[in-house]
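Because the structure is a prediction, the values reported are computed rather than measured.
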Amino acid sequence: MDNHYYDQVVAGMREFLDEQGFQANKDGSFSNEKKLFRIEYDEKKQTYMLQVADPVEAGEPIFKTASSWLFDDSQTAKDAEAVSIDFVEELRRQLGIAPVRKKRYGDVSLPTKADAGDTPNVLVLCQKTLAIFPQFKDEYKAHVEQYGEFLCIDFFSKTLVPKLRELLQQNNKKQLKKVLEMLSQMFVEGDRMVGNVIVVTILCGAIGTDRALYDTAYEAMKELPHLQTAVRYAFERLPKDKKMKKMLLAAE
């Protein structure tokens, strides 16, 4: 597969790039006064990479991979939108941007099933998460108030990931069963963004490189073969791929 979705990834970032004054350079990178970045596709590893550098007056800038996204032959233009969202979130962090508040706390509504189209999306995943962990409802409202929108990777990394890690450490079978069955249902029924978030951000974020936590999770998923297989693939690939390791451990 070649990187023929590159244009879609950049197009999905265009509004943010224009807002921040990023200009395209002849070498394919983008720059404003604060940052340089480029988007690369590793054919061998089937991964899109966001590489960021600080501007320099002399010499070559030093690019470092800030975010990575697995993207194989099964991916579509819809999945390219997920890559765009992730890369924009990372650039916001790199630039230290404080998002404009669009809503007051009291005006923020919780996600509902009505937020989904024909296929469950990340808002439905959030709605089901809040049904299991209602203590996160206030955090959801504060999150949307702060950012003006739902940034799923940031939200789940700060809420469900540490909670799931805690349950794995305790080997709380009853609660794990409830959470993992929900995640498995969403993994099977949801769109590809949901699948990526569940495996990469949530489960691999909670497990990290801890073999004991992985074994606990693997055993807890013995009746959830689709999810179990996806997590096993990601966990086994982790030590062999430094860039993927950085991506999977971002929430650890």
Side-chain angles (χ1 to χ4, degrees), residues 1-32 35-53 63-95 116-125 149-154 156-157 186-205 226 229-230 233-234 237-238 240-248 250-251:
M1 163 182 165
D2 59 27
N3 64 341
H4 57 275
Y5 284 113
Y6 173 88
D7 289 341
Q8 283 92 329
V9 173
V10 174
M13 302 172 67
R14 177 56 58 191
E15 182 178 356
F16 172 79
L17 300 184
D18 290 343
E19 288 176 355
Q20 300 304 316
F22 278 100
Q23 300 293 325
N25 302 315
K26 292 182 179 180
D27 63 358
S29 65
F30 296 81
S31 61
N32 66 6
K35 290 290 179 182
L36 294 166
F37 79 87
R38 63 190 181 193
I39 298 169
E40 300 286 334
Y41 183 77
D42 188 317
E43 181 75 27
K44 184 177 180 180
K45 297 178 180 178
Q46 296 185 313
T47 302
Y48 271 111
M49 298 173 292
L50 173 69
Q51 299 179 334
V52 182
F63 285 92
K64 296 182 179 179
T65 300
S67 184
S68 304
W69 196 275
L70 295 175
F71 206 96
D72 60 26
D73 290 320
S74 67
Q75 256 74 25
T76 67
K78 181 67 176 178
D79 304 310
E81 295 179 16
V83 179
S84 301
I85 292 170
D86 180 65
F87 286 0
V88 166
E89 286 186 28
E90 178 58 33
L91 285 172
R92 285 184 185 276
R93 287 191 287 267
Q94 292 275 335
L95 293 167
D118 295 332
T119 305
N121 56 23
V122 290
L123 280 173
V124 177
L125 175 60
E149 59 183 317
F150 177 55
L151 304 180
C152 62
I153 295 172
D154 182 82
F156 287 123
S157 295
M186 288 292 93
F187 179 77
V188 172
E189 298 178 0
D191 60 25
R192 195 170 296 275
M193 177 69 168
V194 168
N196 283 332
V197 168
I198 287 173
V199 174
V200 177
T201 301
I202 298 174
L203 284 164
C204 288
H226 298 294
T229 298
Y233 170 78
R237 181 173 174 177
L238 178 56
K240 305 173 186 176
D241 190 329
K242 292 182 179 179
K243 291 177 180 177
M244 181 181 176
K245 184 176 181 180
K246 182 178 180 180
M247 173 181 65
L248 295 183

Supply the atom-to-atom distance [X] [atom1] to [Y] [atom2], rounded to the nearest 0.5 angstrom.
| X | Y | atom1 | atom2 | result |
| --- | --- | --- | --- | --- |
| D86 | T201 | CG | OG1 | 7.5 Å |
| I85 | C152 | CD1 | SG | 7.0 Å |
| R192 | T119 | CZ | OG1 | 11.5 Å |
| F187 | L125 | CZ | CG | 12.5 Å |
| T65 | L50 | OG1 | CG | 8.0 Å |
| D7 | R14 | CG | CZ | 10.0 Å |

Mind listing the closest non-hydrogen atom pair of [X] and [Y] along with its distance?
| X | Y | value |
| --- | --- | --- |
| F63 | A53 | CD2-CB, 3.7 Å |
| P120 | V194 | O-CG2, 3.6 Å |
| Q94 | A66 | NE2-CB, 3.7 Å |
| A234 | V199 | CB-CG1, 4.1 Å |
| G12 | S84 | CA-OG, 3.6 Å |
| I198 | M186 | CD1-CB, 3.6 Å |

Would you call E89 and R92 a salt bridge, taking side-chain N to carboxylate O under 4.0 Å as the test?
no

Given the options Y41, F87, Y5, Y48 meets ring pair (Phe, Tyr, Trp, His ring centres under 6.0 Å) only with Y41

Assess the residue pair M49 and W69 against the criterion (side chain to side chain contact (heavy atoms under 4.5 Å, CB included)); give the C-alpha distance rounded to whole Å, side-chain angles, the decisive distance to 0.1 Å, and a yes or no.
CA-CA 7 Å; M49 298 173 292; W69 196 275; over 6 Å; no

Given side chains that start at C-beta, do those of V124 and N121 come closer than 4.5 Å, heavy atoms only?
yes

Going by distance alone, is a donor N or O of one side chain under 3.5 Å from an acceptor N or O of the other, for S31 and N25?
yes

Between F22 and F37 (judged by ring centroids, cut-off 6.0 Å), do the two rings come close enough to count as a pair?
yes

For M13 and L91, what are the C-alpha separation, side-chain angles and deciding distance, and is it a side chain to side chain contact (heavy atoms under 4.5 Å, CB included)?
CA-CA 10 Å; M13 302 172 67; L91 285 172; 3.6 Å; yes

